[in-house]
Amino acid sequence: MADPLLRFHGAAGSVTGSCFLLEHAGTRTLIDCGMFQGSKTEKELNYRPFPFEASSIHSVILTHAHIDHSGLLPKLVKAGFQGPIYCTAATSDLCTIMLQDSGHIQEMEVEQLNRRNKSRFRQMIEPIYTVADAQAAMTQFRSIGYKEWQETEGALRFRFWDAGHLLGSASVELELVSSDGTIRMLFSGDIGPQHKLFEAVPEAPEDFDYLICESTYGDRERDDASPEARRRQLRQIVSQAYHPNGALLIPSFAVERTQELLADLNTLMDANELQRIPIIIDSPLASRATSVFKRHARSLSNSDLLLRALNAKNVRFTETAEQSKAIDLIHGFHIIIAASGMCEAGRIRHRLKNWLWHDEATILLVGFQAAGTLGRILQDGAHAVKIQGEQIAVRATIQSLDAYSGHADATELENWILARLPIRKGLFLVHGEPAAIGQLSSRISGHRGVPIVLEPELDSAYHLTKDGAVASVATTSPPRLRAEEVGHFDWHNDYQSLVLDLDEELRQAADEKRRAIILRRVRKALQHATD
């Protein structure tokens with residue numbers, strides 16, 4: 001029997017597109033099948049064919065419902081995958097709404113893009129998948145409880161452990177029977193922090209041959225994120241943001257992050273630490289996700305705080321486009337929570353177009369912002385941005401609060417990994433940008449019981465031998481992107497930044513003569529570049 005082969009087709013050198021292909025005993029198992037986010041270069045991978053035949057996959061094991069882990073499952077089914085998709089019951093419930101919402105967003109965005117393409121004589125494109133494709137994919141979901149062993153083809157069995165990251169999130173303990181005995185593996189999924197409002201502390205067993213671990217926050221430490229400290233920070237930001245004619249905009253992931261913020265804001269208002277401010281949840285997905293949270297309330301910590309917030313008179317949810325547009329008519333200070341958390345899609349982009357250029361506005365970023373996303377560009381201090389082709393000056397105050405992040409920080413990741421010891425043959429660090437992976441690797445490597453730390457690149461592959469992981473040179477295809485193109489800003493970002501900087505220089509030029517000199521120098525530079 002040949003050694004198992006593990007391929008890294010996503011979340012290798014970046015935080016998105018989680019997708020690992022395990023080949024063993026004639027079967028092929030995917031762990032996650034997520035959508036790429038971040039720079040346009042990475043997002044374009046969503047439109048390209050999979051680096052494997054979808055029909056050759058026997059089963060999928062899904063760690064949780066976030067789109068960077070589940071978002072390409074409808075595409076996989078559409079491309080010919082016919083096997084089961086194993087996940088927890090809560091993950092299945094969330095995917096029911098999240099994947100259809102993703103399909104809807106793609107249909108709408110492609111329709112808008114094709115209108116622009118037609119006017120520019122550019123090629124028309126098709127959505128990655130549609131709402132109907134997402135509905136079809138849900139028929140292949142199979143719910144498995146935590147700690148319940150599930151046997152699959154290829155002498156493989158697995159069970160889920162609560163990862164504490166999101167409702168239904170899981171780490172995957174997996175066993176393979178090989179000619180050299182049983183190989184024990186653990187895929188971390190996304191690991192939650194110690195102080196998550198609705199989630200328990202992450203758990204998993206110890207003693208593995210191979211551990212594949214996320215490293216999103218491998219290079220940063222979170223400030224005190226206890227409930228008291230988190231609410232204290234939130235109260236301070238809301239108080240500073242207050243302006244009689246202003247608004248606080250919170251780009252937020254619609255699933256769990258929105259519900260956490262709503263519960264904490266209402267708790268502060270109940271305690272008279274904040275005045276009773278209007279809160280608008282401008283996200284149909286958040287409305288549907290909240291219904292799922294209510295259905296699973298018994299399994300959540302502090303669910304009473306959410307239920308109390310939902311009954312507050314100052315909280316309202318928008319459903320229709322007309323209700324969303326009516327937000328612009330609100331007078332007086334108010335809080336708007338809208339998806340998406342990285343400002344890449346959804347209603348938050350409309351809200352940003354309306355408010356970014358106002359001094360009276362504050363934008364609060366409450367989650368990880370991947371390289372190349374609008375959220376990251378704002379976080380890095382951009383003075384102007386482009387949204388839907390329109391240039392917008394940034395005069396609003398930009399704030400960040402990572403106490404709400406669903407990811408463990410560097411110390412928490414280190415402690416979680418050490419609690420899994422011994423790790424006998426290999427530790428793979430994935431789902432992180434290069435700096436985060438590098439720093440976490442340095443922290444971990446000095447501990448006894450930690451084997452070689454591996455940092456796989458996109459589309460790389462490793463044979464899982466009895467002596468350790470061996471990089472495979474016989475990959476099915478060359479990497480779709482080079483390592484330096486993953487987890488970084490790309491030329492699209494650089495181009496937009498250059499255009500905005502040039503516009504600013506021209507507007508600030510003293511007179512027409514100075515503007516002519518600037519343009520002449522730009523043209524000269526272009527001529528030299530093409531010579």
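In this structure, Lys147 is not positioned above the aromatic face of Phe160 in the sense of NZ or CZ being under 6.0 Å from the six-membered ring centre and within 45° of the axis.
The environment of Gln135 atom CD is dense: over 12 non-hydrogen atoms of other residues, nucleotides or ligands sit within 6.0 angstrom. In Glu148, the CD atom is crowded: over 12 heavy atoms of neighbouring residues, nucleotides or ligands sit closer than 6.0 Å. Surrounding CD of Glu203 are more than 12 heavy atoms belonging to other residues, nucleotides or ligands, all under 6.0 Å away. Around NE2 of His104, the count of heavy atoms belonging to other residues, nucleotides or ligands within 6.0 Å does not exceed 12.
In this structure, His447 and Glu414 have side chains that are in contact, with non-hydrogen atoms separated by less than 4.5 Å. With contacts defined as side-chain heavy-atom distances shorter than 4.5 Å, the pair Cys95/Leu62 qualifies. Contact annotation: the side chain of Glu214 never approaches that of Ser18 to less than 4.5 Å [non-hydrogen atoms, C-beta and beyond]. Annotation: side chain of Leu401 is not in contact with side chain of Leu365 (no heavy-atom distance under 4.5 Å). At a threshold of 4.5 Å between non-hydrogen side-chain atoms, the residues Leu30 and Leu76 count as touching. Inter-residue side-chain proximity for Ser472 and Leu5 is flagged as met; some heavy-atom pair is nearer than 4.5 Å. Counting only heavy atoms from C-beta outward, the side chains of Arg184 and Tyr210 never approach each other to under 4.5 Å. By the 4.5 Å heavy-atom criterion applied to side chains, Tyr86 and Thr29 are not counted as neighbours.
When atom types are taken as modelled, the side chain of Ser70 and the backbone of Ala65 share a donor-acceptor pair closer than 3.5 angstrom. Distance alone, capped at 3.5 Å, places no donor-acceptor pair between the Ser303 side chain and the Ser299 backbone. Judged by distance alone, with hydrogens and angles left aside, the side-chain atoms of Ser215 form no donor-acceptor pair with the main-chain N or O of Leu429 at under 3.5 Å. Listed for the Asp32 side chain is no donor-acceptor partner under 3.5 Å among the backbone atoms of Cys19. One N or O on the side chain of Gln259 and one on the backbone of Glu256 form a donor-acceptor pair closer than 3.5 Å. Proximity of a side-chain donor or acceptor of Asn415 to a complementary backbone N or O of Glu412 within less than 3.5 Å is not detected. Side-chain N or O atoms of Gln140 include one that pairs as donor or acceptor with a backbone N or O of Gly83 at under 3.5 Å. Counting only distance, with no hydrogens or angles, the side chain of Lys196 and the backbone of Gly164 share no donor-acceptor pair below 3.5 Å. Of the possible donor and acceptor atoms, one in the side chain of Glu107 sits under 3.5 Å from a partner among the backbone N and O of Val131. Side-chain atoms of Arg220 do not come within 3.5 Å of backbone N or O of Ala410 as any donor-acceptor pair.
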Exercise for the section: Check the pair Ile444 / Leu427 against side-chain contact (heavy atoms from CB on, under 4.5 Å), numbers first and verdict last. Expected result: CA-CA 10 Å; Ile444 293 297; Leu427 168 62; 3.6 Å; yes

Handout entry: Criterion side-chain contact (heavy atoms from CB on, under 4.5 Å) on Lys466 and Lys425, from CA distance to verdict
Key = CA-CA 8 Å; Lys466 64 179 181 179; Lys425 298 176 183 178; 4.2 Å; yes

Practice task
Starting from the C-alpha separation in whole Å, work towards a yes-or-no answer on salt bridge (Lys or Arg N to Asp or Glu O under 4.0 Å) for Arg420 and Asp207.
Solution key: CA-CA 6 Å; Arg420 311 282 81 79; Asp207 192 358; over 6 Å; no

Exercise for the section: Please step through side-chain contact (heavy atoms from CB on, under 4.5 Å) for the pair Asp209 and Leu464, ending with a clear verdict. Expected result: CA-CA 9 Å; Asp209 295 300; Leu464 307 181; over 6 Å; no

Problem - side-chain contact (heavy atoms from CB on, under 4.5 Å) between Leu374 and Arg349, worked out - result: CA-CA 9 Å; Leu374 177 57; Arg349 294 175 73 86; 3.7 Å; yes

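Atom CZ of residue Arg295 and atom OG1 of residue Thr290 lie 11.5 Å apart, to the nearest 0.5 angstrom. Rounded to the nearest 0.5 Å, atoms CZ (Arg424) and CG (Asp467) are 14.0 Å apart. Distance OG1/Thr258 to CD1/Ile337: 6.0 Å, rounded to 0.5 Å. Here the OG-CG distance, from Ser441 to Leu454, works out to 9.0 Å after rounding to the nearest 0.5 Å. Atom OG1 of Thr182 sits about 8.5 Å away from atom CG of Leu176, to the nearest 0.5 Å. For the atom pair CG (Leu413) and OG1 (Thr216), the distance works out to 7.5 Å, reported to the nearest 0.5 Å.
Residue Gly449 comes nearest to Leu421 through the heavy atom pair O-CD2, 3.4 Å, listed as atom of the first residue, atom of the second, then distance. For the residue pair Tyr146 and Gly168, the shortest heavy atom distance occurs at OH-C, 3.3 Å. The shortest non-hydrogen separation linking Ser340 to Ile348 is N-CG2, 3.3 Å. Closest heavy-atom contact between Pro74 and Ala137: CA-CB, 3.9 Å.
Among Asp68, Ile67, Asn46, the single residue meeting the side chain to side chain contact (heavy atoms under 4.5 Å, CB included) criterion with Phe36 is Asn46. Tested against Leu174 for a side chain to side chain contact (heavy atoms under 4.5 Å, CB included), the candidates Thr152, Leu22, Ile183, Ile212 yield a single pass: Leu22. Among the candidates Arg48, Arg480, Arg7, the single residue satisfying the salt bridge (charged side-chain N to carboxylate O under 4.0 Å, His left out) test with Asp459 is Arg480.
With 3.5 Å as the limit, one finds no donor-acceptor pair spanning the side chains of Thr96 and Gln100. Residues Arg443 and Thr411 bring a donor and an acceptor atom of their side chains to less than 3.5 Å of each other. Looking at Thr88 and Thr91, their side chains do bring a donor and an acceptor atom within 3.5 Å of each other. For the 3.5 Å distance criterion, the side chains of Glu433 and Ser14 fail to qualify, holding no donor opposite an acceptor. A donor-acceptor pair shorter than 3.5 Å can be found between the side chains of His66 and His165. A donor-acceptor contact closer than 3.5 angstrom is absent between the side chains of Thr373 and Glu344. In summary, the side chains of Ser56 and Arg28 do present a donor paired with an acceptor at a separation below 3.5 Å, with no hydrogens or angles considered. Inspection of the Tyr217 and Asp402 side chains reveals no N or O donor paired with an N or O acceptor under 3.5 Å. His58 and Thr27 form no side-chain donor-acceptor contact under 3.5 Å, judged by distance and modelled atom types alone.
Salt-bridge formation is detected for the pair Arg159/Glu173: a Lys NZ or Arg NE/NH1/NH2 atom is positioned less than 4.0 Å from an Asp or Glu carboxylate oxygen. Note on Glu175 versus Arg157: salt bridge recorded, some NZ/NE/NH1/NH2 to OD/OE distance being below 4.0 Å.
Side-chain rings of Phe368 and His407 stay apart, their centers remaining 6.0 Å or farther from each other. Here the two rings, on Phe187 and Phe158, have centers that are 6.0 Å apart or farther. Annotation: Phe428 is in aromatic contact with Phe8 [ring centroid separation under 6.0 Å].
Residue pairs that meet the salt bridge (Lys or Arg N to Asp or Glu O under 4.0 Å) test with at least one member in residues 130-145, sequence neighbours left out, are Lys78-Asp133.
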